Amino acid sequence: MTTPASGMGSGPIAKVVEHQAKTLDDRLGLADALKRNMRKVFPDHWSFLLGEIALYSFIIVLLTGVFLTFWFEPSVKEVTYNGSYVPLKGVKMTEAFASTLNISFDVRGGLLIRQIHHWAALLFVAAIGVHMCRVFFTGAFRKPREINWTIGVILLTLALLEGFAGYSLPDDLLSGTGLRIAFSIVESIPVVGTYVGFFLFGGNYPGPQFIPRLFTIHVLLLPGIFLALIGAHMIILVRQKHTQFPGKGRTEDNVVGTPLYPGFALKTGGFFMLVFAMCALLGAVAQINPVWLYGPYNPSQVSAGTQPDWYIGFLDGALRLMPNWEFPIPGGYTFSFNILFPAVILPGILFTVLALYPFIEAWLTNDHASHNLLDRPRNRPNRTGIGMAMMSLYIILFLGGGNDIIADKFDLSINTLTRLFQAGVFVVPPIVFIITRRICFGLQRRDYDTIHHGHESGTIKMLPTGEFVELHVPAEENERIFIIESAATSHLPQVDEAVEAQRAQDAIEAGHVRGRNYGNGRGRPPGATAAAALETTRRKILSFFYEETPVVHDDEHDPTKSLTP
Amino acid sequence: MSETSGAPRRRRLPATIRRAKDVDARVGGREVAAHDEQPPAVVDAHAEQKSERQVALIFLASAACTVGFAIGYVAIGLKNINDVELSNYVLGLTLTGALGFLGIGMVLWTKLLMPHYQVTEERHPFASPDADRQEFAEVFNQGLDELGLVRRPILRRSLLTAAGLLGVLPIFMLRDLGPKPEKTLFHTRWTKDARLTDIVSKQPVKVGDIEIGGLMTVMPEGVAIEDKNAATSPVILIRLRLGENVPYKGREDWAPEGYVAYNKLCTHAGCPIGLYEQQTHQLFCPCHQSTFNVLKHCRVVFGPAARPLPQLPIYIDDQGYFRARSDFTEPVGPSFWERG
Amino acid sequence: MTDTNAAPRRPISRRPISAYLVIVIALGTIGFLYAAVAPSGRAATSSSQEDLVVKGNQLFLQGCSSCHGLQGQGSEVAPSLIGVGAAAVDFQVGTGRMPLAERGAQPLEKTPRYTQADIDAMAAFVQSLGGGPLVPRPEEYAASGTTPEDLAEGGELFRTNCASCHNFVGKGGALTHGKYAPDLTDTTPKHVYEAMSTGPANMPIFGERTLNDEEKQRIIKYLVHIRNMPDPGGNSLGRIGPVSEGLVGWLVGIGLLVVATVWIGARP
């Protein structure tokens, strides 16, 4: 394809391909673009495949979802069930629920596809999570990839919405309770909440319109946005090329790995099949969302252990752990902080900070350079610590969302558990931050050891003096390079004394460095105070979170200095 | 490709690497990273043949699973739940096999039969050369100038006004999505003198129908839970021991003979509260664990709910039936802005 | 048990002579049959009933009275048993909840300490103290001959009255301060029936007029049907909802796929 006909092979397959390729290229002129992209390089490290789990489970969700729409009736019209699931025969229910039963019990393979759809949806969000962790902890979000990180966070947010919409469609007792809570959350928004709720649901809960509207959102609106954003995510990825871990021959200016065609294409095609097989396996052997057991939705009924799907669990946990603070507003209004904070404000803040994190970190650390080589998490103890602390917060909220199940299964008091989690929200993240940093420093020391003394060989030798020593074997060259380069590239930009002095001077001139008196605060330009305050804040956060303490101070033993060839 | 494809079982590995280098050189900017080049290992034609057969077998296993799926689909009808279970296992596991074997085969193909080499691709800075930026800025500014956006403020402002208004239009069109809340949230379907009826059997409830320590979910007579605006109406009628109830001020006659009636919707997020602990006299919400003390007008003793459950004033008529004195005297369910 | 014979002798409204005749004949037949089946029944029942109460009283004095009082009047640490009925005894002792092993949030289910004969005796004694719900007869709680109507209504009643504590299929759930609604998977239909009519621990009492005999039986039929029903989608994952599903999704789904990425990414 790269050159005229003579470049092609001579077998019969090659002939056909050549002819087709020619036909297409005559009309579309694709050879140029293809030749450049079909050899796109993909790094071999396994962690680069995590995002592909998300991509592939999205495709699986799309495929199975189309199948389900052939039978699903998004309607709240009341019908009397007369399908083959005996215990609900003759029970009044909505068409949405009845058609879900129909898919499960009267369409061959319907239950399987429903279950694959649901499992793939759970894996989709989970895979986004692990992919994000990879990107976060290795610093792959840094310039020039901030935009793609932000798109990723938007995709995560939409995935939560999309998942919740799908979970709610069958109109079963469990999801109906979830929707009831969602309506209450909308109602809690000050001033416009009730209007928004009534408009969305077509009236007071449960509302006659909501299932069909949710269906449109679930199968048309959100998937459309998904396709566009995933497309953008991919295009930017191809344009910017992959990041890579440091190593021999790897620099900021290149990327080393397997080319897309043919090696990586076959590999990743196989991986798609494996992800699909995983979903099919779960769909075959693990029952998910058995709506026939939950029964049709009825606003007067509820089941013990009412939970959302896992990815909404942290929000439900936040709702459970929140103290009951509700404030009257003069003039006959109510401010339901007990719902608004955990369900609207908290996720709003979390996702905004998450989406803007690359910019925040760059601002704080003053690191505005492009980075194509990844950090090893241990070499950025503070970022790693912050990430782990946030994960611990997330996990506590998540566990809070399952406090009733935990209490029941482990014979604990739900009240005590709730109190513990409430305390945990404040206590655990700082502890995790400190411990993570310590572990990172420890690992750095081990790296130092590996460089200077090599690995323990397990062979004990007795010296003539009678002393026992363990023999060490020197680390292999590739490992040494990896360790040294990682440590070297992960240092924050050198503090430029001149720039820092200028910044300090600016702040001083604004008269806002605490503890010193610079007298003349008058006549300064507007905005200087704010700028100075911002600068002071930046420095404070920086010194608290980001000042990386080198483990080995001694220059002689600094691996980056003494061992760089 | 021509150089290798015609040859019989050959030392494919080094040849391909060499070719890859050529191709990359032609494409430009890529070359085989020297350090990753595998030593031209002695290629064992026999071993390669074995791997080839192995992968082919795996592909055939996948095909067999697909055939199995088809057979399972045709053979297993869905007459009862056992059929559904069998069908799900058979279809699911054959599908797993069909996909899984295909995937494993493809990955093994790359692992066992393809050359392993890494290529290095050069990166180029994303920033466009200054000349390009300059040129862009010129074109852009020239365009602005031709448009006269800066020079013609009236045009600019009127355009922005028109476009802005047009942007607001869709929001107007969403108005008919639903009715205004009006006073809907302030009322339930309870009316004066409505009898309390069992939500399932629809029978009116009489004194003595509930044991001490028992409860019942009730609706106003003639109103089904599916009816319009009825979802907020379910009430739990609980029978306490005489004298146990500590009435809220002004509600002394709302609990005849120890029977108390409270709205079933949690004041936190609106879940139905059905968990009644008859010894501790607590109602407990399974969604977020808000706990209400039934003896003391259902005030909150634990959890995120902020307000007591609204109490339905009830009385016993001449024939011993429970009736509502009126609707709830406050909005039921979760809080909202206009609630007051 | 004791007053089943009293049931036919209800006040009868004015009817034509033929109706009286039918009833007289019917009563005669029943009496004859009864005499034929149980020739010495009356005397035997009566005396064995008294024996039972005496035996129950002895067992009660040995095993229960230290907490519940010599006359079952209750004490500071244990409730009065007057009026709780034989059903309560049969449930509490029959499921091993009583006698209490240790004080906790609520009595725990254990292997019963007494034989069914002893339990019957104690039940008879407690029944003699002040009446209350009787131990149900097998035909009242039998879960056989289930029809779709039974399941439809039973399910509706179960979801309205039971699911909020015991979960949608009776897998149990948490209550406040370490108390819990037990898992009903292995609970016998008789004990389910007794629990509904007596309201053990914090469970509300569903008396005869809250849930009548037929409704109770339908709930039992639904529960038994559902717990014996296969899970068509594969392993049930405990039938506790999305928590276990999320766990499986992460540990099995993501776990195995990460293993797959490592396998694919590994250098051969």
Side-chain angles (χ1 to χ4, degrees), chain A residues 9 11 35 39 41 105-106 108-109 111-112 144 177 180-181 184 187 190-191 193-195 198-199 202-206 241 248-249 253-257 259 263 266-267 269-270 273-274 276-277 280-281 283-284 298-302 304 306 319-320 322 324 326 332-334 336 338 414-415, chain B residues 1-2 5 26-27 30 33 35 73 78 84 87-89 91-93 95-96 99-100 102-103 106-107 109-110 114 118-123 126 177-179 181 184-185 199 217 225-226 229 231 234 264 269-272 274 286-289 300 302 304-306 334-340:
Chain A
K35 93 174 173 216
R39 298 292 284 183
V41 165
F105 290 99
D106 296 293
R108 276 180 285 178
L111 179 62
L112 180 66
T177 310
R180 167 72 246 191
I181 297 169
S184 307
E187 269 187 307
V191 188
T194 48
Y195 285 84
F198 272 62
F199 288 177
N204 196 4
Y205 187 79
K241 303 194 171 80
K248 195 174 171 186
D253 300 322
N254 69 11
V255 53
V256 179
L266 191 57
K267 221 191 307 194
M273 293 298 167
L274 289 178
F276 207 157
L281 180 66
N298 177 324
S300 73
Q301 298 171 354
V302 72
T306 291
L319 273 169
R320 291 175 188 213
M322 183 71 194
N324 62 345
E326 184 181 290
Y333 300 106
T334 302
S336 352
N338 53 346
I414 198 164
N415 304 64
Chain B
M1 287 183 194
S2 53
S5 56
R26 250 179 289 148
V27 172
R30 301 175 183 85
H35 60 276
Y73 186 89
L78 306 182
V84 179
S87 166
N88 195 62
Y89 272 118
L91 298 186
L93 290 175
L95 185 63
T96 307
L99 296 160
L102 202 56
M106 286 161 82
V107 175
W109 185 343
T110 65
M114 283 179 63
Q118 293 196 311
V119 296
T120 303
E121 200 175 2
E122 295 303 322
R123 284 179 205 279
F126 296 110
L177 275 174
T184 319
L185 289 170
I199 192 164
T217 303
I225 186 75
E226 302 85 7
N229 287 335
K264 200 172 180 177
C271 288
C287 291
H288 307 109
Q289 288 81 46
V300 181
F302 187 82
S335 297
F336 50 95
W337 177 251
E338 302 90 336
R339 188 181 177 281

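Predicted, not measured: the structure shown is a model, and the values here were computed from it.
- Between B/L78 and A/F105 the shortest side-chain heavy-atom distance does not fall below 4.5 Å.
- Side-chain N/O atoms of A/E187 and B/S335 include no donor and acceptor closer than 3.5 Å.
- Considering only heavy-atom pairs separated by less than 4.5 Å from chain B, the leading option among A/G263, A/P190, A/G193, A/P206 is A/P190.
- Each of A/T194, A/I414, A/N204, A/L111 has some count of heavy-atom pairs under 4.5 Å with chain B, and the biggest count is that of A/T194.
- Under the 4.5 Å side-chain criterion, counting only non-hydrogen atoms from C-beta, A/Y195 is in contact with B/P181.
- Using a distance-only test at 3.5 Å, with no hydrogens or angles considered, no donor-acceptor pair links the side chain of A/K267 to the main chain of B/V107.
- To the nearest 0.5 angstrom, B/L95 atom CG is 6.0 Å from A/L112 atom CG.
- Within the 4.5 Å cutoff, side-chain heavy atoms of B/E121 are placed close to those of A/K241.
- For B/N229, the part lying near chain A is the side chain, with the backbone staying farther off; criterion is any non-hydrogen pair under 4.5 Å.
- A heavy-atom distance below 4.5 Å is not found between the side chains of B/C271 and A/T306.
- Taking both residues in full, the closest heavy atoms of B/A231 and A/Y205 are given as CB-O, 3.7 Å, listed atom of the first, atom of the second, then distance.
- Between chain A and the residues B/P272, B/G274, B/G92, B/A305, the most heavy-atom pairs under 4.5 angstrom are made by B/P272.
- Taking all atoms of both residues into account, the shortest heavy-atom contact from A/A280 to B/L99 is CB-CD1, 4.3 Å.
- Scanning both residues, A/P144 and B/F126, for their nearest heavy atoms gives CG-CE1, 3.5 Å.
- With a threshold of 4.5 angstrom between heavy atoms, B/Q289 approaches chain A through side-chain atoms but not through N, CA, C or O.
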CA sep, side-chain torsions, deciding dist, call: B/V119, A/V256, side-chain contact (heavy atoms from CB on, under 4.5 Å) | CA-CA 6 Å; B/V119 296; A/V256 179; over 6 Å; no

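- Contact of the A/I181 side chain with the B/H288 side chain is registered, since non-hydrogen atoms from C-beta on lie closer than 4.5 Å.
- Two residues are said to be in side-chain contact when any heavy atoms from C-beta on lie closer than 4.5 Å; A/V255 and B/T120 fail this criterion.
- Scanning all heavy atoms of the two residues, the minimum distance from A/G283 to B/N88 falls at O-ND2, 3.1 Å.
- When each of A/D106, A/T177, A/L281 is checked for heavy-atom pairs under 4.5 Å with chain B, A/L281 comes out on top.
- Atoms CE and CG, on B/M114 and A/L266 in that order, are 6.0 Å from each other to the nearest 0.5 Å.
- Annotation for A/Y333: atom OH does not count as buried by contact number, only 12 or fewer foreign heavy atoms lying within 6.0 Å.
- In terms of heavy atoms, B/F336 sits closest to A/T334 at O-CB, 3.4 Å.
- The shortest heavy-atom contact between A/M322 and B/P304 is O-CB, 3.4 Å.
- Only the side chain of B/P234 comes within contact range of chain A, with heavy atoms under 4.5 Å apart.
- Side-chain contact between A/F198 and B/L177 is absent, with no heavy atoms from C-beta onward closer than 4.5 Å.
- For B/L93, the parts lying under 4.5 angstrom from a heavy atom of chain A are both the backbone and the side chain.
- Contact annotation: the side chain of B/L102 approaches that of A/M273 to within less than 4.5 Å [non-hydrogen atoms, C-beta and beyond].
- Contact count against chain A (heavy-atom pairs under 4.5 Å) is highest for B/P179 among B/G100, B/P286, B/P179.
- Heavy-atom distances place both the backbone and the side chain of B/Y73 under 4.5 Å from chain A.
- Rounding to the nearest 0.5 angstrom, the gap separating the CZ atom in A/R180 from the SG atom in B/C287 is 10.5 Å.
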